[in-house]
Protein chains: 2
Amino acid sequence: MKPEPVSIGTRMKILVVHAHPEPKSFNTAMCHAAVEELTLLGHSVQVSDLYAMEFNAVASRHDFHARAGADYCVYALEQRHAVQHGTLAPDIQAELDKLLWCDLLVLVFPMFWFSTPAIMKGWIDRVLVSGKVYGGKRFYEKGGLAGKQALVCTSLGGQQHMFDADGVHGPILDMLKPLLQGTLAYVGMQVLEPFIAWHVPYISHEERLKILEAWRTRLQDLGHAAVLRTPSLDDFDSRLVPLKTAR
Amino acid sequence: MKPEPVSIGTRMKILVVHAHPEPKSFNTAMCHAAVEELTLLGHSVQVSDLYAMEFNAVASRHDFHARAGADYCVYALEQRHAVQHGTLAPDIQAELDKLLWCDLLVLVFPMFWFSTPAIMKGWIDRVLVSGKVYGGKRFYEKGGLAGKQALVCTSLGGQQHMFDADGVHGPILDMLKPLLQGTLAYVGMQVLEPFIAWHVPYISHEERLKILEAWRTRLQDLGHAAVLRTPSLDDFDSRLVPLKTAR
């Protein structure tokens, strides 16, 4: 059962999670443009600006006030216990509430080492809690966030041709696979084609304005967004052996 | 000019960077086994246990005491400025010194969302400084850490067949690409085949002991370790267009 693409004109609940160390950066401008454009379009928008919030990036035993295992912390088991008993740390619970509220999650971040800045990785590590968002056999289309969508918007210094199939780094979707497939699709979200702002530190003001315009246009057209192909459990048996070779 | 594989019997300087929230975890046991085995083999070993150090995971303007740009923080430019003027934050400088000292970097971590825990991502974001470790045209085999080697040791809940070419998640090397290629190879390191401990939360004590033995054996045989194929700038022109299509 796959969620249908959002119809044009549908009002959505949208959570924008942003992480950039410089509030005057182009990346932050992309975040602001998203909030403005999405609000103008009639959507309900919440924002988690992780640097402004000084969000705690580090998953640790301190995230659980009433621990299931006093002497030995298995983070995912503690998450499940805390979800069950309503004892998640308040900063995690607040973000989880926003995540469960939203129809669409938008992640806006600069590429640091071909992935998210650590503060956003920490948001993923801490907020995508086992027992609610995934766990047991609930992953990919059976994940806890099935029915929601995710959109990644990232900026980087590299040029687009460096990420061609024969480019020096290889395809950008390959570099983003742990995030797009291993995280967003894993928890059940339908993953939209990411928006990439290339070569940002080296281009002109006018070129940057054009990127902001293209980003706004993308947001106006969410109902037509391309959806990435991600794994489906339908292709595997219960032990996750591919069905074509399963006995 | 590619560094030669380390000869058997060579004494090396080795930095082990470790990140796990539970000091009694199997992953931490893998870290301890590495330190013990490498020391027994006659290597010099330093350890950065990021959780024990309460390492600051978040790259920010606070990392620079004497800023190049007072009003606008471009993190990579501030790194270059701080490297040049010796004004890196002390916790970054201490880690950078260890990194520049070592011949082999060993990263020991549990897979969180198909990548490193945020605290280790923060170590990468903050310690791999522009102007020293990479920058300008110094990346891949021209990276600032050319001549060094890197070895990833990670543990996860998933089973090996889930990461077959036709497995539900796809190859583990693809999931680790941002780290293996986009980070370790990018800064010039020769990347050894990672050591993967599969299915750890679900296996018996005896099976875990076998993994620890296999890990020690890997470490005894570093001179024969397989090296991953990573991009070479020799295959591209100065604009990073592939040479076969370059005009």
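Only heavy atoms go into these numbers, but all of them, side chains included; no hydrogens, no water, no symmetry mates. Sequence lines set the chain letters: A, B, ... in the order given, protein chains first and strands last, and positions in each chain run from 1.
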Next on the checklist: Would you say NZ of A:Lys137 has more than 12 non-hydrogen atoms from neighbouring residues, nucleotides or ligands within 6.0 angstrom?
Outcome noted: no
Checklist entry - Does NZ in B:Lys142 sit with more than 12 non-hydrogen atoms of other residues, nucleotides or ligands closer than 6.0 Å? => result no
Checklist entry - Out of A:Gly157, A:Gly167, A:Ala59, A:Gly122, which one racks up the most heavy-atom pairs below 4.5 Å with chain B? => result A:Ala59
Next on the checklist: Quick check on the interface: out of A:Leu176, A:Thr183, A:Leu50, who has the most heavy-atom pairs with chain B under 4.5 Å?
Outcome noted: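 Heavy-atom pairs under 4.5 Å are most numerous for A:Thr183.
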Next on the checklist: Do B:Pro21 and A:Cys73 have side chains that approach each other closer than 4.5 Å (heavy atoms only, starting at C-beta)?
Outcome noted: no
Let me confirm one number: the [atom1]-[atom2] distance from [X] to [Y], rounded to the nearest 0.5 Å.
X	Y	atom1	atom2	value
A:Arg61	B:Glu22	CZ	CD	4.5 Å
B:His161	A:Phe236	NE2	CZ	9.0 Å
B:Asp125	A:Trp113	CG	CH2	9.0 Å
B:Glu54	A:Ser60	CD	OG	9.0 Å
B:Ile124	A:Lys121	CD1	NZ	10.5 Å
A:Leu240	B:Phe163	CG	CZ	10.5 Å

Given that the side chain runs from C-beta out, which part of [X] has a heavy atom under 4.5 Å from chain B: side chain, backbone, both or neither?
X	answer
A:Thr116	backbone
A:Val74	neither
A:Phe139	side chain
A:Asp71	both
A:Met162	side chain

Checklist entry - Any luck finding a side-chain donor-acceptor pair between B:Tyr140 and A:His169 under 3.5 Å? => result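 Indeed, the side chains of B:Tyr140 and A:His169 share at least one donor-acceptor pair under 3.5 Å.
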Checklist entry - Of all heavy-atom pairs between A:Ala57 and B:Ala118, which one has the smallest distance, and what is that distance? => result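 Result for this residue pair: O-CB, 3.3 Å.
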Checklist entry - Going through the checks in order, is the side-chain contact (heavy atoms from CB on, under 4.5 Å) test met by B:Leu233 and A:Val168? => result CA-CA 8 Å; B:Leu233 297 181; A:Val168 69; 4.1 Å; yes
Item to check | Pick from B:Tyr186, B:Phe112, B:Tyr72 with the largest number of heavy-atom pairs that fall under 4.5 Å of chain A | outcome: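 Most heavy-atom pairs under 4.5 Å with chain A: B:Tyr72.
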Checklist entry - Hey, mind stepping through B:Met175 and A:Gln181 against side-chain contact (heavy atoms from CB on, under 4.5 Å) and telling me if it holds? => result CA-CA 9 Å; B:Met175 281 293 189; A:Gln181 177 188 317; 3.7 Å; yes
Next on the checklist: Set out, in order, the CA-CA distance, both residues' side-chain angles and the distance that settles side-chain contact (heavy atoms from CB on, under 4.5 Å) for A:Tyr51 and B:Val58, then state yes or no.
Outcome noted: CA-CA 9 Å; A:Tyr51 271 92; B:Val58 180; 3.4 Å; yes
